Structures are given as C-alpha cells and as structure tokens.
Q: 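Attaching a single structure in structure tokens format; questions to follow.
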Amino acid sequence: MIADYAKELLNAEETRKEVSPLTERDPSLTVKDAYQIQLETVKLKNEQGKTVIGKKVGLTSVAMQKMLNVDEPDYGHLFDDMQVENGSTVDTAEMIAPKVEAEIGFMLSEDLVGPNVTYLDVLMATKYVVPTLEIIDSRIEDWRIKLIDTVADNGSSAKVVLGDRQTGLENTDLRAAGMALYKNDELIATGSGAAALGHPAEAIAWLANKLHEFGITLKKGELILPGALSAAMAVEAGDTVKADFGPLGSASVTFK
C-alpha cells in the first residue's frame with residue numbers, strides 16, 4: 001500500500017496528472033502512513049539520481065492552516081532539481097496548479113537532531129538566512145487536501161527560489177522581520193517572521209523534533225524552509241512574483 005501510493009504520487013508529479021485525494025479513497029490512512037509514503041517517494045527519487053538539498057515545514061501560519069483546513073504543520077523534502085535561480089523564469093507547464101509562498105530560508109551550519117531541539121538551538125545552528133519563494137503544487141486533485149494527503153505528497157513541494165542576500169543572525173530579529181509579496185507589481189500580501197509558529201526558528205525546531213520519530217536529521221549544509229509568512233498565492237503564465245524582505249533582501253520569479 002505505502003509503495004503503491006508513493007509510485008502513484010511520483011507518477012502524478014512526472015506526468016502532471018492529478019490523482020484523487022488519498023483520504024477519500026482510504027479513510028484508514030494515518031499521518032504516520034503519510035510520512036512513510038513520502039519517505040518511499042524520497043527513496044524512489046534518490047534512485048533516479050536526485051539529491052536532497054533541504055527540508056521544509058508547511059502550514060505553519062494560521063492563514064495557510066485555514067486555507068487548507070488543517071490544524072498542524074506538514075513537512076516535505078527539497079531536491080536539487082527543485083532549486084530555481086533568483087530572477088529566472090519557470091514554466092507553468094512543469095506543474096499542475098502552482099501557488100507561491102514567501103519564506104525566510106535557513107542554511108544550517110551544523111546538524112539538528114531531535115527530540116529536544118529548541119528555537120535557540122536552531123539559531124545557534126544557523127549559518128545565515130536567505131529570502132526565498134517556495135513554489136508549491138499539489139498532485140492531489142483541485143487541492144482537495146487534508147493533512148495526510150499533503151504529507152504523503154511531499155508537503156506539496158515543487159520548487160524553491162533562493163533570493164539575493166545571505167544574512168547572519170547577529171542583530172537580526174526574525175520574529176519582527178517584515179515581508180511584502182507582490183504579483184505583477186501589485187501588493188498582494190504582507191507578513192512577518194512571527195507568522196511561522198511565532199518565530200521561524202520555532203517551526204524548524206518543530207520539524208527537527210517531528211523528524212526524530214522517523215530517524216531523520218536536519219543536516220549541516222541543508223536549506224530549511226520554516227513556512228509561509230502569508231497565505232499562498234495562485235500564479236499562472238505571465239505572472240511575475242517578488243517577495244521583499246527589507247534588510248534581508250528579496251526574491252523574484254517569472255512564470256511562462
């Protein structure tokens with residue numbers, strides 16, 4: 001069952017063809033099952049030669065939890081083929097129904113091993129932060145996802161844009177760090193670091209402790225995304241998106 005669902009979701013990603021929600025077909029699925037499905041997908045991608053470059057927390061903001069009707073964060077893996085250069089162009093034909101989120105990415109200088117990681121541990125283990133745009137996409141039909149569906153679907157991960165600046169944490173208040181999200185030069189949303197579980201480092205601590213249950217560690221050199229600072233924004237061909245994080249820099253991407 002686990003392997004079959006993993007193959008189905010990977011095929012959906014590769015063919016850009018949605019599948020019906022797993023939770024509608026199999027109400028017996030648990031969150032633990034969903035994580036096992038995701039890990040099986042990671043194994044399949046590794047066998048294809050893809051490399052994990054980081055991990056992400058999703059659904060950390062109240063806005064996103066309400067948007068998708070869930071009550072706890074989710075998690076996914078980031079692969080080398082997901083990374084997009086700042087200011088470049090992404091083909092919407094590579095995805096099904098993309099949305100964009102603005103996040104403060106963390107680059108780790110040392111491993112973070114649960115189960116007792118605190119946000120201070122995260123700050124101590126952070127080499128720098130970087131403005132990011134995460135492009136999310138769901139292989140589940142019409143984004144009709146529950147927590148189990150999105151966890152199984154690798155946290156609805158698709159692509160990540162790394163911004164133009166690397167900032168150390170000395171004298172940086174990430175809780176108060178502001179973000180303005182623009183689409184085609186129109187201000188769509190604003191947010192601050194506090195939107196991600198009160199502090200983005202809290203979201204990463206949650207992730208490190210959650211992954212301990214599965215024998216997984218946040219590793220030195222990995223990019224960790226702590227969750228969106230506002231609700232996700234749907235995009236289509238012709239859109240240009242920019243997230244301005246003020247002193248932390250900006251990130252932008254265009255869709256064709």
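Just so it is clear, the model here is predicted, and its values are computed rather than measured.
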Q: Is there a donor-acceptor pair closer than 3.5 Å between any side-chain N or O of Ser192 and the backbone N or O of Gly178?
A: no

Q: Can a donor-acceptor pair be found, under 3.5 Å and without considering hydrogens, that links the side chain of Thr150 to the backbone of Lys146?
A: no

Q: Strictly distance-based, threshold 3.5 Å: is any side-chain N or O of Asp137 a donor or acceptor partner for the main-chain N or O of Ile96?
A: yes

Q: With a 4.5 Å cut-off on side-chain heavy atoms, are Asp111 and Leu218 touching?
A: no

Q: Hey, mind stepping through Leu162 and Asn86 against side chain to side chain contact (heavy atoms under 4.5 Å, CB included) and telling me if it holds?
A: CA-CA 6 Å; Leu162 296 187; Asn86 188 40; over 6 Å; no

Q: I'd like to know if Glu18 and Arg139 make a salt bridge, using a cut-off of under 4.0 Å between side-chain N and carboxylate O.
A: no

Q: Within the side chain of Asp91, is there an N or O that forms a donor-acceptor pair under 3.5 Å with the backbone of Ala93?
A: yes

Q: Before accepting this row, confirm whether a basic side-chain N of the pair Glu40/Lys7 lies closer than 4.0 Å to the acidic partner's carboxylate O.
A: no

Q: Quick one: does any side-chain atom of Asp121 pair with a main-chain N or O of Val117 as donor and acceptor, under 3.5 Å?
A: no

Q: Do Arg16 and Glu94 sit within salt-bridge range, that is, some charged N less than 4.0 Å from a carboxylate O?
A: no

Q: Output, in order, the C-alpha distance, side-chain angles, deciding distance and verdict of ring-ring contact (aromatic ring centres under 6.0 Å, His included) for Tyr75 and Tyr35.
A: CA-CA 9 Å; Tyr75 137 79; Tyr35 278 106; 5.7 Å; yes

Q: Can you tell if the side chain of Phe79 reaches within under 4.5 Å of the side chain of Ile53, non-hydrogen atoms only?
A: no

Q: Enumerate the salt bridge (Lys or Arg N to Asp or Glu O under 4.0 Å) contacts for residues 166-193, please, sequence neighbours excluded, ordered by first and then second residue.
A: none

Q: Answer yes if Phe245 and Met233 sit in the same cluster of Ile, Leu, Val, Met, Phe, Trp and Tyr residues linked by side chain heavy atoms under 4.5 Å apart, and no otherwise.
A: yes

Q: Do we see a donor-acceptor contact under 3.5 Å between the side chains of Asp239 and Asn184?
A: yes

Q: I'd like to check Leu223 versus Leu78 (side-chain heavy atoms, cut-off strictly below 4.5 Å). Are they in contact?
A: yes

Q: Within the 4.5 Å heavy-atom criterion, are Leu123 and His199 side-chain neighbours or not?
A: yes

Q: Tell me, with the steps shown, if Thr254 and Thr240 meet side-chain hydrogen bond (donor to acceptor under 3.5 Å, both in side chains).
A: CA-CA 4 Å; Thr254 297; Thr240 294; 3.0 Å; yes

Q: Give a yes or no on whether Ile136 and Val84 share a hydrophobic cluster (residues Ile, Leu, Val, Met, Phe, Trp, Tyr; joining criterion: side-chain heavy atoms under 4.5 Å apart).
A: yes

Q: Only counting residues at least two apart or in another chain, list the ones meeting side chain to side chain donor-acceptor pair (under 3.5 Å) with Ser20.
A: Arg25

Q: When you measure from the side chain of Ser138 to the backbone N and O of Ile140, does any donor-acceptor pair fall under 3.5 Å?
A: yes

Q: Using only atom types and a distance under 3.5 Å, with no angle test, would you say the side chain of Asp26 pairs donor to acceptor with the backbone of Ser28?
A: yes

Q: Same cluster or not: Met1 versus Leu39, using hydrophobic residues (I, L, V, M, F, W, Y) connected whenever any side-chain heavy atoms lie under 4.5 Å apart?
A: yes

Q: Sub-3.5 Å donor-acceptor pair from the side chain of Asp164 to the main-chain atoms of Ala251, do we have one?
A: no

Q: Does Val130 form a side chain to side chain contact (heavy atoms under 4.5 Å, CB included) with Thr132? I'd like the steps, not just the answer.
A: CA-CA 6 Å; Val130 58; Thr132 64; 3.9 Å; yes

Q: Applying a strict under-4.5 Å side-chain criterion to I, L, V, M, F, W and Y, I'd like to know whether Val160 and Ile224 cluster together.
A: no

Q: Taking atom CD of Gln48 as the centre, report whether more than 12 heavy atoms of other residues, nucleotides or ligands fall under 6.0 Å from it.
A: yes

Q: Between Thr41 and Ile37 (side chain of the first, backbone of the second, donor and acceptor by atom type, cut-off under 3.5 Å), is there such a pair?
A: yes

Q: Would Leu248 and Tyr182 show up in the same hydrophobic cluster when neighbours are defined by side-chain heavy atoms closer than 4.5 Å?
A: no

Q: Filter on salt bridge (Lys or Arg N to Asp or Glu O under 4.0 Å), then keep only pairs touching residues 41-50, sequence neighbours left out; what's left?
A: Glu13-Lys45, Lys50-Asp81

Q: Looking at side-chain heavy atoms only, is the closest gap between Val235 and Thr92 below 4.5 Å?
A: no

Q: If you count the non-hydrogen atoms of other residues, nucleotides and ligands that lie under 6.0 Å from NZ in Lys210, is the total more than 12?
A: yes

Q: In the structure I gave you, are the side-chain heavy atoms of Glu101 and Leu133 within less than 4.5 Å of one another anywhere?
A: no

Q: Where the side chain of Lys219 meets the backbone of Leu108, is there a donor-acceptor pair that is under 3.5 Å apart?
A: no

